[in-house]
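Written out below as structure tokens is the structure these notes cover.
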Amino acid sequence: MAAILPKSRVGVFWFSNDLRITDNAALNYAAQSCETLLCVYILDPRLYAPNRYGLRSMGPMRDRFLQESLAQLSVDLNAVGQTLLVLRESPLQAVAQLIGKYDPGLVVRSRHAGFYECKQWAMLQRRYRLISFNAIATHTLFNDENLLPFPLTDLPKTFSQFRKKVEPLADNRNLLPVCELPPPPRELDRGQTFTWELLKNQSRSIFKGGAEAGVQQLQEYFHTTAPSEYKTVRNALDGWVNSTKLSPWLANGCLSVNQVLLALGEYEAQYSANESTYWIGFELLWREYFQWSAYLHGARLFARDGINGSKKLNTFYSQRFMQWCEGGTPFPLVNALMKQLNATGYMSNRGRQIAASCLVNELALDWRYGAAYFEQQLIDYDVASNWGNWQYIAGVGADPRGGRHFNLDKQREIYDPEGDFIAKWGGENATAGVNSVDAADWPIADERGRSPE
């Protein structure tokens with residue numbers, strides 16, 4: 001935690017991956033450090049523009065969940081006398097605008113694992129040297145890297161090594177109470193307050209964004225017997241109660257990992273602890289490992305050869321990629337999973353592994369395109385977990401086995417033996433084979449020299 005400095009007249013709190021006021025150490029720090037406070041969310045238009053992979057970082061499902069989360073945050077801030085400003089421009093331009101208009105003495109945000117977010121933050125620090133910039137970890141279990149039992153540069157190369165070192169330190173969590181926030185400046189530009197342009201996004205999802213909905217799901221899940229059966233059903237491809245379904249709220253910071261661990265501990269104290277309840281905490285530690293790995297490796301999280309520099313031979317076939325995205329491959333289970341993702345913005349963890357393995361192995365595509373498509377579609381997209389998991393499957397990340405190749409027929413026999421999941425999502429409706437065009441989209445002739453029609 002950063003030391004509290006003498007109070008500034010005006011402070012800026014920049015919401016990002018922490019869309020809540022409960023258990024938000026960065027917000028508490030800002031509240032204690034200024035007399036008036038600007039609460040801001042910056043919505044970068046580039047998230048909606050085509051990126052290097054020809055995709056958008058923010059798809060409709062993600063956008064709707066974000067808008068719902070911001071709407072709830074706005075309500076929660078109003079309840080404590082604050083106002084949420086939403087600036088729809090690049091972060092560098094938005095912060096420059098705020099500094100020019102309000103002359104703040106400090107800018108505070110939650111620490112972000114994204115390389116580009118960190119790069120922007122560093123640029124702002126260099127540009128405005130007279131302003132105090134403080135980034136405080138709120139997205140992780142350990143809210144300060146000094147609490148880790150090793151220097152970040154010595155982060156274990158595998159999750160198992162990491163887990164053994166940090167697992168004993170994961171207990172005895174406490175929540176920070178909602179603090180009293182300073183008022184906004186009198187000259188606040190009310191024209192920038194949050195408004196949800198609902199008519200522009202008619203997407204529907206099984207999840208509703210916002211801290212209130214996240215707490216409701218947390219309470220409902222831990223008031224059933226589901227936690228005691230979690231490990232036995234967590235690999236199911238469908239079904240609301242087969243996993244905690246907390247990942248969208250964790251990814252957007254509507255819930256903190258502390259809130260989840262405390263609820264888990266209370267459940268174990270009231271009912272019982274078993275292998276299934278342990279496994280919930282186990283997977284939260286996986287999430288933790290990916291966060292700190294992203295902090296350490298920076299841009300290598302997005303590199304073709306990954307964090308371990310593995311050389312993988314792959315290419316890009318646009319037809320194959322589009323078939324995978326749309327659920328039109330020769331593999332019915334993968335098709336069903338992708339259609340589920342496109343319709344709901346969600347896919348089970350087992351489903352993600354199967355779909356990723358297919359793209360990397362059966363379709364021999366560059367794993368980064370799959371990661372970018374998941375970034376666009378998943379409402380629980382988290383930069384560290386998404387790209388870290390894709391590296392793991394592709395064999396360029398933290399997997400000591402050098403990647404994972406799932407037998408699709410075996411996965412179908414285990415997880416959809418009756419074909420119910422495939423039938424539900426129309427997985428049998430495949431299109432052309434994967435080799436009807438080459439990497440340059442030229443038609444490939446058949447054995448008689450004829451191009452496919």
Side-chain angles (χ1 to χ4, degrees), residues 15-20 41-74 84 86-91 110 112-117 139 194-214 217 243-255 287 290-291 294 301-302 324-327 337-349 351-352 355-356 368-390:
F15 282 99
S16 54
N17 58 346
D18 58 343
L19 304 183
R20 64 183 187 275
Y41 185 86
I42 301 173
L43 193 57
D44 192 340
R46 287 175 294 186
L47 294 174
Y48 301 89
N51 55 30
R52 62 183 297 186
Y53 303 103
L55 302 165
R56 291 171 172 78
S57 297
M58 184 72 70
M61 293 292 187
R62 274 192 69 195
D63 179 60
R64 185 179 182 93
F65 191 92
L66 171 63
Q67 297 286 342
E68 290 172 342
S69 299
L70 291 173
Q72 182 63 56
L73 178 61
S74 179
L84 179 64
V86 176
L87 305 182
R88 293 174 170 83
E89 52 192 312
S90 77
S110 287
H112 204 292
F115 169 74
Y116 299 105
E117 288 81 359
H139 201 60
F194 174 77
T195 56
W196 183 14
E197 298 178 5
L198 178 61
L199 295 179
K200 292 186 178 181
N201 187 349
Q202 295 297 330
S203 303
R204 290 290 184 268
S205 174
I206 55 177
F207 297 91
K208 181 182 179 181
E212 183 177 39
Q217 172 61 17
S243 65
T244 68
K245 298 297 187 297
L246 296 173
S247 58
W249 294 284
L250 278 171
N252 290 271
C254 304
L255 286 176
R287 175 185 179 274
F290 281 133
Q291 300 298 320
L301 189 64
F302 310 101
W324 180 82
C325 293
E326 296 171 358
L337 289 165
M338 297 306 295
K339 289 181 178 182
Q340 178 194 41
L341 170 64
N342 294 335
T344 67
Y346 185 80
M347 188 192 294
S348 70
N349 182 60
R352 297 178 202 202
R368 294 174 298 173
Y369 283 85
Y373 190 71
F374 273 19
E375 176 178 347
Q376 175 181 277
Q377 298 297 97
L378 286 170
I379 59 175
D380 63 358
Y381 170 75
D382 175 278
V383 60
S385 295
N386 182 68
W387 290 82
N389 269 307
W390 270 93

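Note that the numbering runs from 1 along the sequence shown for the chain. On a predicted model such as this, the values are computed, not experimentally measured, just so you know.
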Side chains of Asn252 and Tyr381: does their closest heavy-atom pair fall under 4.5 Å?
no
How far apart are the closest heavy atoms of Ala294 and Leu301, and which atoms are they?
CB-CD2, 4.0 Å
Met58 side, atom CE; Asp44 side, atom CG - distance, nearest 0.5 Å:
9.5 Å
Quick check: does any side chain N or O of Arg88 sit under 3.5 Å from a backbone N or O of Ile42, one acting as donor and the other as acceptor?
no
Donor-acceptor pair, Asn389 side chain versus Trp387 backbone, under 3.5 Å?
no
Between NE2 of His112 and OG of Ser16, what distance do you get to the nearest 0.5 Å?
5.5 Å
Please report the shortest heavy-atom distance between Arg46 and Pro91, naming the atom on each side.
NH2-CD, 3.9 Å
Looking at side-chain heavy atoms only, is the closest gap between Tyr373 and Trp324 below 4.5 Å?
yes
Exam field: side chain Gln376 to backbone Arg56, donor-acceptor pair closer than 3.5 Å
yes
Heavy-atom count around Glu212 CD within 6.0 Å, excluding the residue itself: above 12?
no
How close do Met338 and Ala355 get, counting heavy atoms only, and between which atoms?
SD-CB, 4.0 Å
Any side-chain heavy atom of Leu55 within less than 4.5 Å of one from Phe374?
no
Using only heavy-atom distances, determine whether the side chains of Asp382 and Gln291 contain a donor-acceptor pair under 3.5 Å.
yes
Any side-chain heavy-atom pair from Tyr346 and Leu341 closer than 4.5 angstrom?
no
In Å and rounded to the nearest 0.5 Å, what is the OG to CZ distance from Ser247 to Arg287?
10.0 Å
Sorted by chain and number, sequence neighbours left out, ring pair (Phe, Tyr, Trp, His ring centres under 6.0 Å) with Phe290 holds for Trp286
Where do Asp63 and Tyr48 land on the side-chain hydrogen bond (donor to acceptor under 3.5 Å, both in side chains) test, with the steps shown first?
CA-CA 9 Å; Asp63 179 60; Tyr48 301 89; 2.6 Å; yes
With Phe302 as partner, the option from Phe115, Tyr369, Tyr116 fulfilling ring pair (Phe, Tyr, Trp, His ring centres under 6.0 Å) is Tyr116
Asp380 CG to Leu246 CG distance, which is reported to the nearest 0.5 Å:
11.0 Å
When rounded to the nearest 0.5 Å, the distance separating CE of Met61 from CG of Leu378 is 11.0 Å
To the nearest 0.5 Å, tell me how far Ile379 CD1 sits from Arg62 CZ.
10.5 Å
Heavy-atom check, side chain of Lys208 versus side chain of Arg64, under 4.5 Å:
no
Might you point out which heavy atoms bring Arg20 and Gly253 nearest each other, and give the distance in Å?
NH1-O, 2.9 Å
Give the minimum heavy-atom separation between Leu337 and Met347, together with the two atoms involved.
O-CE, 3.3 Å
State, with a plain yes or no, whether a side-chain heavy atom of Trp249 is found less than 4.5 Å away from one of Leu19.
no
Please find the pair of heavy atoms, one from Cys254 and one from Phe65, that lie closest to each other, and give the distance.
SG-CE2, 4.5 Å
Has the side chain of Gln217 got a donor or acceptor atom that lies under 3.5 Å from a matching backbone atom of Thr244?
yes
Compare all side-chain heavy atoms of Leu43 with those of Gln67 and state whether any distance is below 4.5 angstrom.
yes
Any donor-acceptor N/O pair, Thr344 side chain to Gln340 backbone, under 3.5 Å:
yes
May I ask you to decide if Gly209's main-chain N or O and Glu68's side chain share a donor-acceptor pair within less than 3.5 Å?
yes
Evaluate the side-chain contact (heavy atoms from CB on, under 4.5 Å) criterion for residues Val86 and Phe15: first the C-alpha distance (whole Å), next the side-chain angles of each, then the deciding distance (0.1 Å), finally the verdict.
CA-CA 10 Å; Val86 176; Phe15 282 99; over 6 Å; no
